[in-house]
Amino acid sequence: MKIDRLIGILSVLLQQETVTAPSLAERFEVSGRTINRDIEDLCKAGIPIVTRRGAGGGISIMENYKIDRTVLTTREMQDILAGLRSLDSVSGTNQYGLLMEKLSAGGSDFMTGDQSVLIDLSSWYKDTLSPKIEIIRDAIEGGKELEFLYFSPKKESRRRLEPYYLIFRWSSWYVWGRKASGQDLSCTDRCGTQRCPDCQDFRLFKLNRMEELRLSGKCFEKQKVPLPDLRNERIFPGGIRVKAVFAAECKWRLVEEFGRDCFEEQEDGRLLFHADYTDKDNLISWLLTFGDRVTLQEPESIREELRKIIEAMRENYETV
């Protein structure tokens with residue numbers, strides 16, 4: 001949409017002193033004529049844009065300019081503010097709120113007006129997450145390698161990473177990057193959570209599993225890299241067909257975690273559950289959180305393994 005492109009161009013101009021029309025055309029995948037018309041429309045909207053020809057020339061916006069609130073509607077600006085505030089909820093600061101004020105005309109009234117959308121990304125681990133996020137952002141912006149101790153389901157190991165993206169997905173924070181040069185990782189270890197095509201050296205690391213995170217002191221040349229494939233079927237391909245019977249009081253949790261269509265309500269009120277699951281260990285851990293309110297029916301191999309775990313737990317408590 002044109003309005004989205006205009007906002008995008010304005011955002012670029014606010015972040016860069018000068019930018020050329022061809023670079024804007026390539027970035028937004030439109031023609032040079034379209035960019036020129038967009039610049040004219042921004043000027044008509046009252047935004048003081050300056051164009052200079054020749055070597056060292058380009059398109060720029062006057063210094064100390066703040067976006068007039070008439071460029072965006074109040075609702076649009078409130079949605080932007082909600083997103084920025086969600087980042088403040090992670091860091092525990094007001095830095096993104098202050099950024100929003102810079103984008104508004106003198107701290108317009110909608111900055112403190114009624115907000116209908118509130119997003120809180122903070123967690124129990126905010127005290128440890130915030131420093132990690134700041135270190136990773138510094139590394140991404142400066143092209144600096146990271147080193148850390150990582151705890152994976154199979155082992156713990158020292159890692160060095162060239163970071164490219166911070167990602168919030170599946171209620172957790174991740175960093176997406178490429179293994180640092182000279183670091184020998186096996187194919188399986190290299191792919192890890194992100195089953196990358198052709199065994200590329202990119203993968204996701206979960207921040208909560210990273211400890212002793214620091215800048216390695218080495219820099220790397222930033223390049224264009226593939227974005228992580230975050231589709232659920234890519235990260236969680238399934239493969240384990242689960243059939244289980246849950247007590248009626250578990251309905252709220254099944255709806256919350258898998259949706260209303262994951263079970264069939266039986267005549268006695270119990271819930272016949274069907275779903276695809278990815279990881280056997282995670283499945284067993286999840287089932288155990290329900291205690292005696294669930295009975296796994298299929299697959300038989302996991303049912304037997306679960307029975308042995310329960311028996312071992314019973315023996316542990318008998319010997320205490």
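Note that this is a predicted model, so its numbers are computed, not measured.
If you take CG on Leu13 and OG1 on Thr18, they are separated by 9.5 Å, rounding to the nearest 0.5 Å. Taken from CD in Glu145 to CG in Leu161, the straight-line distance is 8.5 Å, to the nearest 0.5 Å. For the atom pair CZ of Phe168 and CD1 of Ile133, the computed distance is 9.0 Å after rounding to the nearest 0.5 Å. For the atom pair Arg214 CZ and Leu146 CG, the distance stands at 11.0 Å (nearest 0.5 Å). Taken to the nearest 0.5 Å, the CG atom of Asp201 stands 9.5 Å off from the CD atom of Glu162. Taking SG of Cys262 as the start and NE2 of His274 as the end, the distance is 10.0 Å to the nearest 0.5 Å.
For Phe220, the ring-ring contact (aromatic ring centres under 6.0 Å, His included) test picks out Tyr164, with sequence neighbours left out. Applying the side-chain contact (heavy atoms from CB on, under 4.5 Å) rule to Cys43 yields the partners Ile39, Ile49; only residues at least two apart in sequence or on another chain are considered. Qualifying salt bridge (charged side-chain N to carboxylate O under 4.0 Å, His left out) partners for Glu249, counting only residues two or more places apart in sequence or in other chains: none. For Ile310, the side-chain contact (heavy atoms from CB on, under 4.5 Å) test picks out Leu288, Leu306, with sequence neighbours left out. When the side-chain hydrogen bond (donor to acceptor under 3.5 Å, both in side chains) test is applied to Arg293, no partner is found at least two apart in sequence or on another chain. Applying the side-chain contact (heavy atoms from CB on, under 4.5 Å) test to Val50 and every residue at least two apart in sequence or in another chain returns Arg52, Ser60, Met62. Residues satisfying the salt bridge (charged side-chain N to carboxylate O under 4.0 Å, His left out) criterion with Lys132, sequence neighbours excluded, are Glu211. Ser285 pairs by the side-chain contact (heavy atoms from CB on, under 4.5 Å) definition with nothing, not counting sequence neighbours. For Phe258, the ring-ring contact (aromatic ring centres under 6.0 Å, His included) criterion is met by Phe273, Trp286, not counting sequence neighbours. Arg314 meets the salt bridge (charged side-chain N to carboxylate O under 4.0 Å, His left out) test with Glu311, Glu318; sequence neighbours excluded.
Of all heavy-atom pairs between Leu213 and Met210, the closest is CD1-CE, 3.8 Å. In plain terms, the two heavy atoms of Val242 and Pro299 that are nearest each other are CA-CD, 4.5 Å. Heavy-atom minimum distance, Lys280 versus Ile240: N-CD1, 3.7 Å. Contact between Lys243 and Leu296 at its shortest, heavy atoms only, is O-CD1, 3.5 Å. Counting all heavy atoms, side chain and backbone alike, Ala248 lies closest to Gly269 at CB-O, 3.3 Å. Residues Leu207 and Val175 share a closest heavy-atom pair of CD1-N, 3.6 Å.
Enclosure of atom CD in Glu212 by more than 12 non-hydrogen atoms of other residues, nucleotides or ligands within 6.0 angstrom is indicated.
Aromatic ring centres of Phe246 and Phe290: separated by under 6.0 Å.
Counting only heavy atoms from C-beta outward, the side chains of Leu24 and Val12 approach each other to under 4.5 Å. Side-chain contact between Leu272 and Phe263 is absent, with no heavy-atom pair separated by less than 4.5 Å. Counting heavy atoms from C-beta outward, Trp173 and Ile167 have side chains that stay 4.5 Å or more apart. Ile35 has its side chain within reach of Val30: a pair of non-hydrogen atoms, C-beta onward, lies under 4.5 Å apart. Using a 4.5 Å heavy-atom threshold, the side chains of Ile140 and Tyr165 count as separate.
Within the structure, the salt bridge (Lys or Arg N to Asp or Glu O under 4.0 Å) test picks out the following pairs touching residues 253-267 (sequence neighbours left out): Lys251-Glu265, Arg253-Glu257. The salt bridge (Lys or Arg N to Asp or Glu O under 4.0 Å) analysis of residues 215-228, with sequence neighbours excluded, yields no pairs.
Checking side-chain atoms of Tyr150 against main-chain N and O of Lys206 turns up a donor-acceptor pair under 3.5 Å.
The pair Arg160-Glu147 does not meet the salt-bridge criterion, since no charged nitrogen lies less than 4.0 angstrom from a carboxylate oxygen. The pair Glu304-Arg307 meets the salt-bridge criterion, since a charged nitrogen lies less than 4.0 angstrom from a carboxylate oxygen.
A donor-acceptor pair shorter than 3.5 Å can be found between the side chains of Ser157 and Arg159.
Cluster membership for Met313 and Leu283, using ILVMFWY side-chain heavy atoms within less than 4.5 angstrom, is shared.
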